[in-house]
Every structure is written in C-alpha cells, then in structure tokens.
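Quantities reported herein were computed from a predicted structural model and do not represent experimental measurements.
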Amino acid sequence: MSGSGLRILHSIAPARSGGAETVVMHLAGGLRALGHDVQVALVLEPGQERDHPLAQALDARQVPVHIVTVSGRAYRAERHAIGRVLDAMDAQVLHTHGYRADVMHGGVAKARGIPHVMTLHGFVGLTRRGRFYEWLQVRAARSASRAICVSEAIAQRVREHGSRDAVVVLPNAAIPDPNVLERDTAR
C-alpha cells in the first residue's frame, strides 16, 4: 500500500447478503484499487464468523477483514474492539454502514479525533423496533462528520433532525452483472 492514500476503516454488522453488504464490498475494493489502505470490521455474533460471505468476498478483493465477535448486547466490548482496530491501523477515517455500526461506532471514532462518515442505506420501519433503530440512526447522524444518504427522501429525514450541513445524497452505483438473465428467459 502506498503511503499517499487514506487509512479507512469500514464497519458493518452484516447480514449474510444484502444491499449494504454489496456496497461495502465494492466500495472497499474500489478504494483499495485507488491506493487507499482500506480495511473492514465485521461485527458478528458467535457462530456467524465462519465462512461469512462478505468476509470471503472482501478476502477475494484483498481487503483486510477484522472479525469482531460479540454477543448481541455486548455493546461495551464491541466499542472497545472497534477502538482497538482503529488504533491498530492508525485509521484516519471511520465509515460506518447500518444502524448498529452508525450508532455504536461513531462515538468511538469521535473520542479519538477521527472523522466519522456514515452511510444511511435505507429505512424499512415496518416494526416498532425498526422505527426505533431508524430514530437512533438519524440522531447519530447529528454528530457524524458526513452523513451519506442513498436517496433524497432519506436525506430529508436526516436534515429534519438537525444534520443539514453534513448531509450528502449519493445514490448507490450499480455495477452491471453479466450473469443477469433477459426478462423472457428469467420468466
């Protein structure tokens, strides 16, 4: 890795697959290709760490992965583990993805004087718990250095809660998949 790039840690509590996971995979790989020292911290519950698809995809792109294994509510242990990863790589930027990482990890970066960028990938809000997590995430955006929103609707919601200057709308990019079937063939 050249010394001219940024040292960026992405953090996510990933599902087995999904949009945020795909964005992290492509973003980390693309930033590494541009000469940045990019690493990814995956927050996983015990038993999930073996052969996680995102870890495998990042490994294939030669992106270093840190597996942070914590039980569901071991929040203090999780924050300490993320802090250790930030310190070990001497990170210059923390980029979080998803409710858990946005809420839990931003303060760890802030305490170290490291800029915190968060990407708000979308809101579902179908359950009371989901709406509560969204509320927490929007509040966390207030203290982020930058809040990247994948749609204007998400950005508007974040702006309504006091994060006007830090909000940027950046729609997800689509990388064409050569294996996608034509419409008639797929039917």
Open item on the list: Donor-acceptor pair, distance only, cut-off 3.5 Å: does the side chain of His36 make one with the backbone of Val38?
Closed with: no
Open item on the list: To check you understand the geometry: which heavy-atom pair defines the closest contact between Ala147 and Leu120, and what is its length?
Closed with: CB-CD1, 4.0 Å
Open item on the list: Grouping I, L, V, M, F, W and Y whenever their side-chain heavy atoms are under 4.5 Å apart, do Trp135 and Ile154 come out in a common cluster?
Closed with: yes
- [ ] Hey, could you give me each pair passing side-chain hydrogen bond (donor to acceptor under 3.5 Å, both in side chains) that has a residue in residues 122-133? Not counting sequence neighbours.
- [x] none
Task: For Ala77, all residues meeting side-chain contact (heavy atoms from CB on, under 4.5 Å), sequence neighbours excluded - done: Val70, Ala74
TODO: Consider only side-chain heavy atoms of I, L, V, M, F, W and Y, link residues closer than 4.5 Å, and tell whether Met89 and Ile114 are in one cluster.
DONE: yes
Open item on the list: For residues Val103 and Val43: do they belong to one hydrophobic cluster (side chain heavy atoms under 4.5 Å, members Ile, Leu, Val, Met, Phe, Trp, Tyr)?
Closed with: no
- [ ] Please report the closest heavy-atom contact between Ser11 and Thr96, naming both atoms and the distance.
- [x] OG-CG2, 3.2 Å
Task: Evaluation steps, side chain to side chain contact (heavy atoms under 4.5 Å, CB included), between Val40 and Val24 - done: CA-CA 8 Å; Val40 178; Val24 170; 4.1 Å; yes
Task: Qualifying salt bridge (charged side-chain N to carboxylate O under 4.0 Å, His left out) pairs with a residue from residues 63-75, counting only residues at least two apart or across chains - done: none
TODO: Would you kindly confirm whether Ile148 and Leu94 end up in one hydrophobic cluster when ILVMFWY residues are joined by side chain heavy atoms under 4.5 Å apart?
DONE: no
Task: Remaining members of the apolar cluster that contains Met104, side-chain heavy atoms under 4.5 Å - done: Tyr75
TODO: Could I get the full list of side chain to side chain donor-acceptor pair (under 3.5 Å) partners for Ser145, not counting sequence neighbours?
DONE: none
Task: All pairs passing ring pair (Phe, Tyr, Trp, His ring centres under 6.0 Å) where residues 90-111 contributes a residue, at least two apart - done: His10-His95, His10-His97, His95-His97, His97-His121
TODO: To the nearest 0.5 Å, tell me how far Arg16 CZ sits from Gln48 CD.
DONE: 7.5 Å
Can you list, pair by pair, the side-chain donor-acceptor contacts under 3.5 Å of residues 59-67, counting residues two or more places apart and other chains?
| unit_1 | atom_1 | unit_2 | atom_2 | d |
| --- | --- | --- | --- | --- |
| Arg61 | NH1 | Ala57 | O | 3.2 |
| His66 | NE2 | Gln39 | OE1 | 2.5 |

Task: Partner residues of Asp90 under the side chain to side chain donor-acceptor pair (under 3.5 Å) criterion, sequence neighbours left out - done: Arg7
Open item on the list: Using 0.5 Å steps for rounding, measure from the OG atom of Ser151 to the CG atom of Leu170.
Closed with: 11.5 Å
- [ ] Mind listing the closest non-hydrogen atom pair of Val169 and Ala155 along with its distance?
- [x] CG2-CB, 3.4 Å
Task: His26 (side chain) donor-acceptor with Glu21 (main chain) under 3.5 angstrom - done: no
TODO: Work out which heavy atom in Pro115 is nearest to a heavy atom in Gln92; give both atom names and the distance.
DONE: CD-O, 3.1 Å
TODO: Heavy atoms only: give me the nearest Leu58-Met25 pair and the separation to one decimal.
DONE: CD2-CA, 3.9 Å
Task: Any Val68 side-chain heavy atom under 4.5 Å of Ile82 side chain - done: yes
Open item on the list: Could you measure the distance from the CD atom of Gln156 to the NE2 atom of His161? Nearest 0.5 Å is fine.
Closed with: 10.5 Å
Open item on the list: Is the shortest side-chain heavy-atom distance between Arg159 and Glu152 below 4.5 Å?
Closed with: yes
TODO: Following the transitive rule for hydrophobic clusters with a side-chain heavy-atom cut-off under 4.5 Å over Ile, Leu, Val, Met, Phe, Trp and Tyr, establish whether Phe132 and Val138 coincide in one cluster.
DONE: yes
TODO: State, with a plain yes or no, whether a side-chain heavy atom of Leu6 is found less than 4.5 Å away from one of Asp37.
DONE: no
- [ ] Provide the full list of salt bridge (charged side-chain N to carboxylate O under 4.0 Å, His left out) pairs with a residue in residues 96-120, sequence neighbours left out, each pair given once.
- [x] Glu78-Arg100, Asp87-Arg112
- [ ] Output all residues satisfying side chain to side chain donor-acceptor pair (under 3.5 Å) with Arg157, sequence neighbours left out; order by chain, then residue number.
- [x] Glu134
Open item on the list: Could you tell me if the side chain of Val150 sits less than 4.5 Å from the side chain of Pro171, heavy atoms only?
Closed with: no
TODO: Write down the atom of Ala144, the atom of Met118, and the distance for their closest heavy-atom approach.
DONE: CB-SD, 3.7 Å
Open item on the list: Could you measure the distance from the CD1 atom of Ile12 to the CG atom of Leu42? Nearest 0.5 Å is fine.
Closed with: 7.5 Å
Open item on the list: My understanding is that only residues two or more places apart in sequence, or in another chain, count here; which of them pass side chain to side chain donor-acceptor pair (under 3.5 Å) with Glu45?
Closed with: none
Open item on the list: Suppose clustering is done on Ile, Leu, Val, Met, Phe, Trp and Tyr with side-chain heavy atoms closer than 4.5 Å. Which residues sit in the same group as Val23?
Closed with: none
